[in-house]
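Residue numbers start from 1 in every chain, and the chains themselves are labelled A, B, ... in the order their sequence lines are given, proteins ahead of strands. Any value given below was found using the heavy atoms of this structure, including those in side chains, with hydrogens, waters and symmetry copies removed.
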Protein chains: 2
Amino acid sequence: MTSKQEFIKKLRNSSLRPTKQRINICEVLFNRDKTFHFTINDLFNLIKDKTGEKVSLATVYNTVHAFHKKGYLKEIPINSNQTYFDTNVTDHHHFYDVKEEKLIDLKNEDVGPIEIQKSIPGKKIKSVEVLVKLED
Amino acid sequence: MTSKQEFIKKLRNSSLRPTKQRINICEVLFNRDKTFHFTINDLFNLIKDKTGEKVSLATVYNTVHAFHKKGYLKEIPINSNQTYFDTNVTDHHHFYDVKEEKLIDLKNEDVGPIEIQKSIPGKKIKSVEVLVKLED
DNA sequence: TTCGTTGTTTATAATTATTCTAAAGAAGAT
DNA sequence: ATCTTCTTTAGAATAATTATAAACAACGAA
Ligand SMILES: [Mn+2]
Ligand SMILES: [Mn+2]
Ligand SMILES: [Zn+2]
Ligand SMILES: [Zn+2]
């Protein structure tokens with residue numbers, strides 16, 4: 001089955017109509033070997049480059065938010081004027097190259113288990129993420 | 001010596017003129033027992049409340065950036081529409097209460113040492129920060 | 001197929017955090 | 001006191017994101 005067919009199926013299963021725009025965005029985001037870290041603007045430009053078809057900026061925002069809500073994308077906490085997203089939705093850690101403004105995945109074994117010895121009454125831990133900032 | 005005198009001295013030592021506005025901001029930020037996590041807007045409102053004097057928003061931005069550059073404030077990486085700052089400039093980790101949108105300091109012993117087993121050629125580690133997200 | 005419904009895309013406007021500008025004011029040096 | 005330099009400020013500019021509402025496309029039922 002071609003990737004396009006799979007994206008259509010996945011979209012349908014998620015109650016998202018498989019539009020031309022969404023399929024193109026899927027191709028750009030998910031037809032990859034490695035994790036993809038991106039800003040909305042990165043993605044907006046890549047769609048044009050890779051598919052030859054233009055998708056409006058509003059649709060890129062809409063789609064990224066829809067995918068995020070469905071759990072197909074993850075938001076990455078770094079301070080930047082733009083929000084970063086990640087196609088790797090598992091719990092994992094990052095290097096952040098401050099100069100290049102680029103994220104790099106860390107494998108969990110590169111960091112080791114992290115035991116949080118403190119707890120807040122009435123709250124439970126949702127995620128534990130390490131951000132390692134890199135400089136030259 | 002009163003705190004005001006100390007702030008004046010500290011500002012002078014940092015080649016920042018001790019203006020009424022900066023001293024007020026110092027009182028709000030640094031006259032505390034515990035770490036203070038805030039957004040520019042939090043601070044802007046607190047200044048009016050705590051000192052009775054209004055400082056323009058532009059000055060709050062200017063001053064926070066000046067203090068940040070001097071190393072008296074730290075920027076905290078969480079995804080939010082507003083940037084968070086921290087009066088605790090040491091290397092430390094955080095809980096982030098997603099619902100309350102509040103940061104809580106973690107002591108280093110609450111997390112334990114983190115060994116990063118991977119390195120990127122030509123880059124060195126600048127900081128290692130853990131963000132623990134909390135939910136109900 | 002056609003039709004009606006509902007969901008989606010899009011250009012554009014609105015919003016919001018932050019930065020910039022330039023004029024007025026305050027601090028420091030002489 | 002005078003001069004210089006730094007600071008404050010209101011308001012304008014910028015830039016990311018979200019909202020609006022009209023045109024459009026997908027879907028299901030007839
Ligand atoms: Mn989102
Ligand atoms: Mn800053
Ligand atoms: Zn990642
Ligand atoms: Zn802190």
Side-chain angles (χ1 to χ4, degrees), chain A residues 4-5 7-28 37-48 51-70 72-73 75-85 101, chain B residues 4-5 7-28 37-48 51-70 72-73 75-85 101:
Chain A
K4 185 168 165 178
Q5 295 308 312
F7 291 138
I8 290 175
K9 207 197 296 181
K10 192 170 181 181
L11 287 165
R12 282 230 175 77
N13 286 337
S14 313
S15 330
L16 296 171
R17 289 187 181 168
T19 63
K20 179 164 52 65
Q21 291 86 343
R22 281 172 178 164
I23 293 163
N24 280 338
I25 292 173
C26 281
E27 304 265 15
V28 173
H37 301 107
F38 64 97
T39 65
I40 295 283
N41 218 58
D42 293 337
L43 179 56
F44 177 68
N45 292 126
L46 267 180
I47 294 164
K48 273 190 305 231
T51 72
E53 298 175 53
K54 190 212 167 186
V55 174
S56 78
L57 187 58
T59 296
V60 179
Y61 272 99
N62 289 341
T63 303
V64 166
H65 283 135
F67 288 0
H68 181 229
K69 200 180 293 184
K70 295 289 178 184
Y72 305 143
L73 290 174
E75 220 175 317
I76 302 296
I78 46 170
N79 276 96
S80 162
N81 46 331
Q82 283 174 88
T83 302
Y84 275 76
F85 293 92
E101 297 187 311
Chain B
K4 184 168 164 177
Q5 294 310 311
F7 292 137
I8 290 175
K9 208 198 294 182
K10 193 172 180 180
L11 287 166
R12 282 233 174 75
N13 285 337
S14 314
S15 330
L16 297 171
R17 288 185 182 171
T19 63
K20 179 164 55 52
Q21 291 87 342
R22 281 172 177 165
I23 293 162
N24 281 337
I25 292 173
C26 281
E27 304 266 14
V28 173
H37 301 108
F38 64 97
T39 65
I40 296 282
N41 219 57
D42 293 338
L43 179 56
F44 177 69
N45 292 125
L46 267 179
I47 294 164
K48 272 190 305 235
T51 71
E53 298 176 54
K54 191 213 164 186
V55 173
S56 78
L57 187 58
T59 296
V60 178
Y61 272 98
N62 288 341
T63 304
V64 166
H65 283 136
F67 287 1
H68 181 230
K69 200 178 296 188
K70 294 290 178 185
Y72 304 143
L73 291 173
E75 220 175 319
I76 303 296
I78 47 171
N79 273 92
S80 162
N81 46 332
Q82 283 174 88
T83 303
Y84 276 75
F85 292 91
E101 295 188 311

Would you tabulate the pairs of protein nitrogen or oxygen atoms and nucleotide nitrogen or oxygen atoms of nucleotides 26-30 of chain D closer than 3.5 angstrom?
unit_1: D:dA26; atom_1: N3; unit_2: A:Arg17; atom_2: NH1; d: 3.3
unit_1: D:dC27; atom_1: OP1; unit_2: A:Arg12; atom_2: NE; d: 3.0
unit_1: D:dC27; atom_1: OP1; unit_2: A:Arg12; atom_2: NH2; d: 3.0
unit_1: D:dC27; atom_1: OP2; unit_2: A:Arg12; atom_2: NH2; d: 3.3

Under 3.5 Å between N/O atoms: give me all the protein pairs with nucleotides 21-23 of chain D, atom names plus distance.
none

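For A:Val55, the listed nucleotide lying nearest its side chain is C:dT10; candidates were D:dT9, C:dT18, C:dT10. The side chain of B:Thr59 has D:dT8 as its nearest neighbour among D:dT8, C:dT10, C:dT19. Ranking C:dA17, C:dT10, C:dT8 by closeness to the A:Ala58 side chain, first place goes to C:dT10. The side chain of A:Lys54 approaches C:dA11 more closely than any other nucleotide in the set D:dT8, C:dA11, C:dA17.
As rounded to whole Å, 14 Å separates atom C1' of D:dT7 from atom NZ of B:Lys70. Atoms CZ (A:Phe44) and P (C:dT10) sit 10 Å apart, rounded to a whole Å. At whole-Å resolution of the value, CD in B:Glu53 and C1' in D:dT7 are 16 Å apart. If you take CG of A:Leu16 and C1' of C:dT8, they are 10 Å apart, rounded to a whole angstrom. Across the protein-nucleic acid pair, B:Ile8 atom CD1 and D:dT7 atom C1' stand 16 Å apart, rounded to whole Å. The separation between B:Asp42 atom CG and C:dA17 atom C1' is 13 Å, rounded to whole Å. The separation between A:Phe38 atom CZ and D:dA16 atom C1' is 15 Å, rounded to whole Å. When rounded to the nearest whole Å, the span between CG of B:Leu57 and P of D:dA10 equals 10 Å.
Take the nearest nucleotide of DNA chain C for B:Tyr84 and for A:Asn62: the residue whose nucleotide is more 5' is A:Asn62.
The side-chain heavy atoms of B:Leu11 and B:Phe67, taken from C-beta on, include a pair separated by under 4.5 Å.
Once rounded to the nearest 0.5 Å, the distance linking CG of B:Leu73 with CZ of B:Phe85 reads 7.0 Å. Atom CD1 in B:Ile8 sits 10.0 Å away from atom OG1 in B:Thr19 (nearest 0.5 Å). Atom CG of B:Asn13 is separated from atom NZ of B:Lys70 by 10.5 Å, given to the nearest 0.5 angstrom. Between atom OG1 of residue A:Thr51 and atom CD of residue A:Glu27 there is a gap of 9.0 Å, rounded to the nearest 0.5 Å.
As judged by a 4.0 angstrom heavy-atom cut-off over every strand, A:Thr83 is placed among residues touching the sugar-phosphate backbone only.
Looking at every heavy atom in both residues, B:Ile78 comes nearest to A:Pro77 through CA-CB, 4.1 Å. Heavy atoms only, all atoms of each residue included: A:Ile25 and A:Val55 are closest at CD1-CG1, 4.4 Å.
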Please tabulate, for the side chains in residues 40-47 of chain B, all donor-acceptor contacts under 3.5 angstrom to protein atoms that are two or more places apart in sequence or on a different chain.
unit_1: B:Asp42; atom_1: OD1; unit_2: B:Thr39; atom_2: OG1; d: 3.3
unit_1: B:Asp42; atom_1: OD2; unit_2: B:Thr39; atom_2: N; d: 2.9
unit_1: B:Asp42; atom_1: OD2; unit_2: B:Thr39; atom_2: OG1; d: 3.2

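Dashed line: the shortest gap from a side-chain N or O of A:Tyr61 to OP1 or OP2 of D:dT18 is not under 4.0 Å. Regarding contacts with the backbone of D:dT17, every side-chain N or O of A:His65 stays at 4.0 angstrom or more from both OP1 and OP2. Contact annotation: A:Gln21 side-chain N/O to C:dT10 OP1/OP2 distance is under 4.0 Å.
A distance-only check finds a donor-acceptor pair linking the side chain of A:Arg22 to the backbone of A:Arg17 [under 3.5 Å].
Few gaps surround NZ on B:Lys48; more than 12 heavy atoms of other groups in view lie less than 6.0 Å from it.
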